[in-house]
Amino acid sequence: MNQTRTFLIFALLAVAYLLFQAWEKDYGPQPPAATATTSAAGASTDNSVPGASSSTAPAAVPGTVSEASAQLITVSTDVLRLTIDTRGGSVVRSELLTYPSVPRTRKDPDPAPARLLDDDRAQYFVAQSGIVSNQGDAPDHRAVFSAAQTSYALSQGQDDLKVDLTWQNAAGLKVTKTFALKRGSYVVTVDQKIENGGSAAWAGNTYEQLQRVAPTQQKSWLQNFTDPSSHSFYGAAWYSPDDKMTTLSFADFAKKPLNHAITGGWASMLQHYFFVAWIPQAQDASTYSTSVINGDTAQPVYLIRAVGPSISIAPGQSATSASRLYIGPKLQGTLDQVAPGLDLTTNYGWLTVVAQPLHWLLSQLHTIAGNWGVAIILLVLLLKGALWKLTAAQFRSGARMRKLQPRVNALKERYGDDKMKMQQAMMELYKKEKVNPMSGCLPILITMPVFFGLYRVLMESVELRHAPFFGWVHDLSAPDPFFVLPVIYILVMLATQWLTPAAAGMDPAQQKMMKVMPVVFGFMFLFFPAGLVLYWVVNGLTSLTQQWLITRSVDRAEEKAKATA
C-alpha cells in the first residue's frame, strides 16, 4: 500500500475516534432529567442513612450545615489539607497541596491547590461515615461530635497526626472517631471505637459512604474535543476480588443500582486525575450499594456506600471498626500497595493493554531523563529503533516507486480508463522491479495503537498533569499555547509528502486532498495535548530523516549502477 494512502486511512480513523468521543459527551447518555418540585426541600425519602430496619428519617438536603451545632476542623499534612465537619465527622473539603489547580507560571508561581472534596452546593462531594443500630440512638453521619481543637497540623519532624472526635448519649454509649494521617500519604485511617457503658448489650453496624453531585458539563463540542477532562470517566466504581473493578456512570445510577456483599473490596467516586475511595477492612464482608438522593430535585446526589457486618458489644466492653479513606491522585504503580485493584482507577478503557505498558515505559524513561517531554522523545527513539528495519523497507520501496513514477504515468496514458488492465500492468512492473507496494502498511498499523494509547496516557495520567517540557510548554497535557509544535508538524509533513511518491491511480481530487492533509492535521493538533504533538513531531522528524537517507542511498545506488553499465 502506498504510504500516502495509508496515511490518509490513519488520518480518517484518528479523526473518527476523536469526533466520536466529542459526540458522545454532547449527545450520549446523560444523567436522568430532574423533575420540577413545588416544595423547597422536596419530598423524597432520605436514603443517605443506611437502613437499620426501623426508621425513616426526614429528607436531608446536601451541602447545608447547622452553624449552631456543627464545627469545622482543619487538618493539614505536607500533602493534604482536610476540613472535617463535627456533624457526623464527615470530610467535607480536601485540598491536594502538591497539585496546583492550574499550571505554575511566572505570573502565578503559587496557584491554589486542587480541591477534590467540597461542601459547596454546586460541587457537592463529601466522604461520610457513621453507625446505625436498631437499639436506639447511634451516631450516623448527621450526629454532632465534639473536638478538642479546631486546627491540627503536622509539625516539622512529626510523621503522624491524629484527630479525635467524640460522641456520647444518655444511655452510656460512647463513640470516638479517630482520623490518623501520615506524612507523604493520601490515606486517612478512620477508626470508630464504640464503648458500651450501658447496662444492656448493644448491636449495630458501621458504614462508610461517598456522596456527590454530577459535575456540570455545559461545554460546546469544541470544548469537549479539546478539554482532557471531557474524555475521562466520572462516576462510581467498586472492586471485588472476583469481578475486579466495576464502574457506574451517573446516567446509570437509577437504572443499575448496586446491592452486593463483597469481602476485600472498596468503593469510590472517580473523576479526571483524582479519586476518593473508602476501603473497609479486607476480612469484613460489607454490603455495597448505590442510590440517588433527592432524585426528583434539580440537583440529585449520587451515593455509594459500604455497610459493615453487625457488631455486638456487651455492657462494659468496647469494639473498634477500622477503615481507610484515600483522597488523592491516580498514582499508577503505587495504588495497589494501598489496596488490591486500586491501580485500576486510572481507566484507559479498551486501550488499557497498550496504554499501561506505555505509561510504565514512559515512567522508566522519566526516571532517567527527569522530564516527561524528554521521556516522550526517548520513547519515540526506542520505538523507531525497534521498527527501523520495517520502516527502512517501507521507505526503500517508496524511493523505488518514486523512480518508477514516469513509467507508471506511461501506463496510465497507454490504458486510459481501463483500470483493470492498468492495475495488472502495474503489478507486473512492481514484481519485475522487486517493489512491494504493501510494505508501508505494517509500520503504520503498529504505530496506530501507540498513537491512541499515548493519547489516553497523556489524557489520564496524573503524572503528566501540568508537566512542563521546555520554554513555552508549561503543561504537556494541554495544547501548545503558541502553536509552535503544530506548525513544526505541518512543515515536517509537507517535507515528507514531497519525498513520498504519489499513489498510482490517484485522481486529481485525491491528490489535492492529500496536499491539504498536513494543514488539516496541523489545525487539529492546535487542540491536542502538547505531549502528543511532541510525540508526533519527533516521530515525523525521525521518519523524515530516515526516508531522506534511504532515498539518497537508493539514488546513489542507481547512479552507480548506470555508471558501471
Side-chain angles (χ1 to χ4, degrees), residues 48-55 57 73 75 82 84-91 127-148 152 160-182 187-210 238 240-241 260-267 277-289 304-326 338-340:
S48 69
V49 181
S53 84
S54 61
S55 64
I73 300 170
V75 183
L82 306 180
I84 300 174
D85 191 348
T86 55
R87 178 177 293 279
S90 302
V91 184
Q128 301 165 329
S129 59
I131 301 170
V132 288
S133 173
N134 292 327
Q135 298 174 293
D137 198 14
D140 60 28
H141 65 272
R142 300 169 304 178
V144 178
F145 286 72
S146 60
Y152 297 80
D160 300 280
L161 184 64
K162 287 189 176 182
V163 178
D164 289 332
L165 304 180
T166 57
W167 175 93
Q168 189 168 2
N169 66 4
L173 185 69
K174 180 180 179 181
V175 175
T176 302
K177 186 176 291 190
T178 301
F179 296 84
L181 298 88
K182 292 186 177 182
V187 178
V188 182
T189 301
V190 182
D191 293 341
Q192 298 187 82
K193 183 179 180 182
I194 308 168
E195 300 175 80
N196 184 4
S199 58
W202 179 93
N205 304 77
T206 61
Y207 67 93
E208 300 83 32
Q209 65 187 26
L210 300 171
W238 59 92
S240 70
H260 189 52
I262 299 173
T263 302
W266 45 260
W278 276 111
I279 309 166
Q281 287 184 302
Q283 68 272 19
D284 290 344
S286 299
T287 301
Y288 288 69
S289 62
I304 184 169
R305 75 158 59 97
V307 180
S310 178
I311 302 173
S312 297
I313 306 174
Q317 300 299 312
S318 65
T320 300
S321 174
S323 59
R324 290 176 294 159
L325 177 64
Y326 183 89
V338 177

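- In this structure, CG on N196 lies 6.5 Å from CG on L173, to the nearest 0.5 angstrom.
- Applying the salt bridge (Lys or Arg N to Asp or Glu O under 4.0 Å) definition to pairs two or more places apart or across chains, those involving residues 130-140 are D140-R142.
- Two residues are said to be in side-chain contact when any heavy atoms from C-beta on lie closer than 4.5 Å; L325 and F179 fail this criterion.
- Side-chain atoms of I73 and L165, non-hydrogen and from C-beta on, do get closer than 4.5 Å to each other.
- The side-chain hydrogen bond (donor to acceptor under 3.5 Å, both in side chains) search around S286 returns none, not counting sequence neighbours.
- In this structure Y152 satisfies the ring pair (Phe, Tyr, Trp, His ring centres under 6.0 Å) test with no other residue, sequence neighbours excluded.
- Sorted by first and then second residue, the side-chain hydrogen bond (donor to acceptor under 3.5 Å, both in side chains) pairs with a member in residues 162-176 read S146-T166, D164-T178; sequence neighbours excluded.
- Checked against side-chain hydrogen bond (donor to acceptor under 3.5 Å, both in side chains), Q192 has no partners two or more places apart in sequence or in another chain.
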Original post:
What's the verdict on side chain to side chain contact (heavy atoms under 4.5 Å, CB included) for V188 and V91, showing C-alpha distance, side-chain angles and the deciding distance?
Top reply: CA-CA 10 Å; V188 182; V91 184; over 6 Å; no
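- Within the structure, the salt bridge (Lys or Arg N to Asp or Glu O under 4.0 Å) test picks out no pair touching residues 197-210 (sequence neighbours left out).
- Between atom CD1 of residue I131 and atom CG of residue N205 there is a gap of 10.0 Å, rounded to the nearest 0.5 Å.
- Annotation: side chain of Q209 is in contact with side chain of P50 (closest heavy-atom distance under 4.5 Å).
- Residues satisfying the side-chain contact (heavy atoms from CB on, under 4.5 Å) test with A319, not counting sequence neighbours, are I311, I313.
- Considering every non-hydrogen atom in both A203 and S133, the closest pair reads O-OG, 2.6 Å.
- In this structure W266 satisfies the ring pair (Phe, Tyr, Trp, His ring centres under 6.0 Å) test together with Y239, sequence neighbours excluded.
- In this view, S323 satisfies the side-chain hydrogen bond (donor to acceptor under 3.5 Å, both in side chains) rule with no residue, not counting sequence neighbours.
- K177 places a side-chain N or O within 3.5 Å of a backbone atom of G88 that can act as its donor or acceptor partner.
- A distance of 4.0 Å separates CD1 in I194 from CH2 in W202, rounded to the nearest 0.5 Å.
- A pairwise comparison of heavy atoms in G89 and F145 identifies N-CD1, 4.0 Å as the closest pair.
- When the side-chain contact (heavy atoms from CB on, under 4.5 Å) test is applied to A267, the partners found at least two apart in sequence or on another chain are Y288, I304.
- Checked against side-chain contact (heavy atoms from CB on, under 4.5 Å), T189 has the following partners two or more places apart in sequence or in another chain: A180, D191, R324.
- Listed by chain and residue number, H141 satisfy the side-chain hydrogen bond (donor to acceptor under 3.5 Å, both in side chains) test with Y207 (two or more places apart in sequence, or in another chain).
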